[in-house]
Q: 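Attaching a single structure in structure tokens format; questions to follow.
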Number of protein chains: 2
Amino acid sequence: MTERWSDATGNPFLRKLEGFVPLPETDSTLLLQASQNAQEVSAGTDLIREGDPPAGLFLILEGFACRYKLRDNGTRQIMAYLVPGDAGDPDVSLLKAMDHSIRTLSDCKVVQIAPGTARELLERPAIASALRKSALVDEATLREWLLNVGRRSAVERLAHLFCEVHLRLQAVGLADESRFELPLTRQDLADTTGQTSVHVNRALWELSEKGLIELGHGHLTILDLPRLKQLAEFKPGYLHLGEQAAA
Amino acid sequence: MTERWSDATGNPFLRKLEGFVPLPETDSTLLLQASQNAQEVSAGTDLIREGDPPAGLFLILEGFACRYKLRDNGTRQIMAYLVPGDAGDPDVSLLKAMDHSIRTLSDCKVVQIAPGTARELLERPAIASALRKSALVDEATLREWLLNVGRRSAVERLAHLFCEVHLRLQAVGLADESRFELPLTRQDLADTTGQTSVHVNRALWELSEKGLIELGHGHLTILDLPRLKQLAEFKPGYLHLGEQAAA
DNA sequence: CGGCCGCTTGACTAGTCTCAATCAGTGTGG
DNA sequence: CCACACTGATTGAGACTAGTCAAGCGGCCG
């Protein structure tokens with residue numbers, strides 16, 4: 001079950017960090033070891049809940065998870081997707097209680113790294129630096145989501161979200177030029193983009209109608225990426241991908 | 001002009017950090033020194049722009065500033081307020097370019113700390129820890145804003161925003177039980193809450209009508225805080241204020 | 001005194017939401 | 001292998017929130 005994560009290129013977390021900072025052999029070995037004991041977690045289970053004390057470090061190796069908050073009336077807002085290679089809060093442990101929950105949206109493979117081991121990892125400068133950059137990108141992504149929900153139309157929001165997820169999955173080798181797995185319900189998309197599942201559905205229809213995407217069976221196919229990007233006004237700078245390559 | 005910032009209680013930045021971590025004498029002296037050369041900046045000037053390389057550390061000593069992004073069509077989304085005591089990005093410097101801009105919303109007093117000095121400050125453990133906590137709170141606040149814009153009605157959004165700003169200003173001694181300076185235009189509020197200035201105006205009227213607030217002459221008076229909080233469903237946990245006191 | 005910017009208000013429009021019913025896909029027990 | 005149950009997707013009609021356009025007002029600055 002875990003052997004797939006033992007080589008560097010197959011491990012999305014390693015791959016992501018390497019995208020920010022080249023890691024010395026020792027560091028990557030350390031990370032691979034830490035990734036060994038992955039847990040299978042089925043869709044819709046909370047990894048941690050609002051109000052809980054922060055617990056070490058989560059790594060998502062497979063599947064989609066999210067950060068979210070609930071209102072008293074039961075409506076949900078999703079604040080971030082955690083896709084393979086993403087980590088749940090290295091240093092929230094500085095604070096006393098989670099201000100939000102984290103839950104799987106699909107079946108996932110998750111590694112939970114105990115606080116002690118996490119500290120150990122963070123003592124390695126390259127890993128610490130890569131994780132910090134990763135956290136900065138997460139924050140920039142959050143800002144982009146706020147712009148998305150605050151200032152874009154229903155159709156634009158979805159288009160933008162798809163462009164972003166496409167790029168993020170490509171970065172860890174989980175999307176090809178035009179197609180990737182997207183195991184989200186309309187309700188998930190609605191809670192992400194601040195809409196109703198009914199309206200999401202109509203917006204998706206509009207995107208198909210225009211020949212931009214095709215969504216079904218848990219997979220998204222982008223039929224016309226340039227036009228999709230243009231519609232979404234998508235500018236990938238905030239993801240800070242390929243900065244290392246550019247340097 | 002700067003003597004007001006030379007004592008600990010009068011310096012909002014120091015006051016904020018002390019709220020997270022008790023600072024040793026040496027550290028506070030260092031911070032006070034750094035705060036000496038404050039600049040007066042008039043309303044509506046960009047401190048840094050999207051695309052620029054990050055520049056050290058900004059401290060806001062007086063006035064309101066914000067992080068924001070513009071769409072191609074000129075609409076703006078504000079992603080954060082920087083109020084006295086807040087800092088603009090200690091470690092974004094790890095990345096190559098700002099993904100957003102920072103601009104003053106009112107006349108401000110701002111300290112810009114050069115990257116070198118900033119590094120020096122961050123070498124002090126207490127300061128580093130306080131700044132990291134502060135950054136975590138900023139991120140939590142960003143999440144709350146996303147929930148606000150994504151899942152609350154126009155009136156609720158404003159109510160929630162006012163509750164938050166009230167508490168944040170109280171934390172640095174700039175608000176009393178019910179009143180504080182709020183030098184924002186309807187347009188600023190609209191760009192914050194993802195609405196139109198026209199609609200903000202109507203929502204504000206509704207809040208006055210219900211006897212919850214009074215907004216005028218750059219000051220907000222909260223007439224009925226409990227009801228305002230209830231309407232906004234405001235739960236201040238995410239601000240992690242008074243955690244030290246509670247400990 | 002005049003001009004400008006921001007606030008206010010009104011009438012109309014458009015984008016989303018709500019409610020509700022139907023349909024499709026999947027998994028289960030018999 | 002089939003009927004049933006459940007969850008999620010789809011569609012339609014109608015209601016409502018928020019946006020648009022436009023005009024008038026008011027305070028502040030030069």
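Order of the sequence lines fixes the chain letters, A, B, ..., with proteins taken first and strands second; residue numbering starts at 1 for each chain.
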Q: Do the ring planes of B/Y81 and B/F64 sit parallel (below 30°), tilted (30 to 60°) or perpendicular (above 60°)?
A: perpendicular
Q: Would you indicate which nucleotide in C/dC17, D/dA22, C/dC19 comes nearest to any side-chain atom of B/V198?
A: D/dA22
Q: Go through C/dC7, C/dT18, C/dT16 for me and flag the one nearest to the A/H199 side chain.
A: C/dT16
Q: So what does B/T196 touch, heavy atoms closer than 4.0 Å: a base, only the sugar-phosphate, or nothing?
A: base
Q: Mind checking whether B/H166 and B/F180 have ring centres under 6.0 Å apart?
A: yes
Q: Can you check the A/L189 CG to D/dG8 C1' distance for me, whole Å?
A: 12 Å
Q: Measure from CG on A/N201 to P on D/dG12 and round the result to the nearest Å.
A: 11 Å
Q: Under 4.0 angstrom, heavy atoms only, what part of the nucleic acid is B/S197 near: base, sugar-phosphate, or nothing?
A: nothing
Q: Find the distance A/E206:CD to C/dA14:P and express it as a whole number of Å.
A: 15 Å
Q: Determine the contact category for B/G216: base if any of its heavy atoms lies under 4.0 Å from a base atom, sugar-phosphate if only primed atoms, P, OP1 or OP2 are that close, otherwise nothing.
A: nothing
Q: Without decimals, in angstroms, what is the distance between B/E156 CD and C/dC17 P?
A: 14 Å
Q: Looking at the side chain of B/R186, which of C/dT8, D/dG8, C/dC17 is the nearest nucleotide?
A: C/dT8
Q: How do A/R202 and A/R151 order along DNA chain D: which one's closest nucleotide is nearer the 5' end?
A: A/R202
Q: Rounding to a whole Å, what distance do you find between A/L204:CG and C/dT16:P?
A: 13 Å
Q: When you compare the side chain of B/K69 with that of A/R151, does any pair of heavy atoms fall below 4.5 Å?
A: no
Q: Could you give the CG-to-P distance, from A/L158 to D/dA9, as a whole number of Å?
A: 13 Å
Q: Which atom names give the shortest non-hydrogen contact between B/A97 and B/G51, and what distance separates them?
A: CB-O, 3.6 Å
Q: Atom NE2 of A/H217 to atom C1' of C/dG25: distance rounded to whole Å?
A: 10 Å
Q: Given 3.5 Å as the limit, does a donor-acceptor pair link the side chain of B/R157 with the main chain of B/T193, or not?
A: yes
Q: Separation of B/L215 atom CG from C/dG6 atom C1', in whole Å?
A: 13 Å
